[in-house]
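This report concerns only the one structure given below.
It should be emphasised that the depicted structure is a prediction, and the values quoted were computed from it without experimental measurement. Values below: every heavy atom of this structure, side chains too, minus hydrogens, waters and symmetry copies.
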Amino acid sequence: MLPAYGVTVRRRRRGQVHQVLRGYKTSEVDWVLDRLARELEALRGQLAAVHASSVAEKEADAEGDAVEPEDGEDRQDTV
């Protein structure tokens with residue numbers, strides 16, 4: 001069977017679902033699909049967190065580039 005976490009193609013190939021008279025054992029197929037769904041959900045959550053962090057970092061950088069001089073600082077106005 002598959003491990004609780006860290007599902008890889010190699011490990012998936014080692015996991016077996018036993019065949020019964022007319023197909024596969026339904027409870028084992030359900031277990032494998034549930035495990036894979038949880039793993040995908042966890043990975044998608046991690047990806048979303050990384051993406052959100054990257055977007056926030058880019059927005060912070062953009063705000064830093066557009067900083068206006070404070071009062072009392074020299075401003076160069078062109079005519």
Side-chain angles (χ1 to χ4, degrees):
M1 284 293 151
L2 295 173
Y5 296 99
V7 174
T8 63
V9 173
R10 192 176 105 227
R11 286 185 177 174
R12 169 59 187 104
R13 288 182 179 148
R14 286 190 307 189
Q16 294 183 358
V17 178
H18 298 98
Q19 283 188 313
V20 291
L21 183 59
R22 294 191 175 156
Y24 295 98
K25 194 170 180 181
T26 304
S27 61
E28 290 181 0
V29 172
D30 289 342
W31 183 88
V32 168
L33 293 175
D34 288 343
R35 176 69 64 191
L36 290 173
R38 284 193 296 271
E39 182 77 13
L40 284 172
E41 187 175 316
L43 291 171
R44 287 179 178 146
Q46 292 172 5
L47 181 60
V50 168
H51 179 70
S53 175
S54 175
V55 168
E57 188 175 300
K58 287 179 184 178
E59 289 174 354
D61 286 346
E63 288 176 8
D65 291 343
V67 172
E68 292 286 325
E70 293 183 19
D71 288 340
E73 290 185 359
D74 290 341
R75 294 180 186 215
Q76 294 179 345
D77 295 329
T78 57
V79 179

Distance in Å, L36 CG paired with W31 CH2, rounded so as to fall on 0.5 Å steps
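Reported value, rounded in 0.5 Å steps: 8.5 Å.
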
Rounded distance [0.5 Å steps], CG in L47 versus CG in L40:
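If we round to the nearest 0.5 Å, L47:CG and L40:CG are 11.5 Å apart.
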
Could you pull out all residues at least two apart from V55 that satisfy side-chain contact (heavy atoms from CB on, under 4.5 Å)?
H51, E59

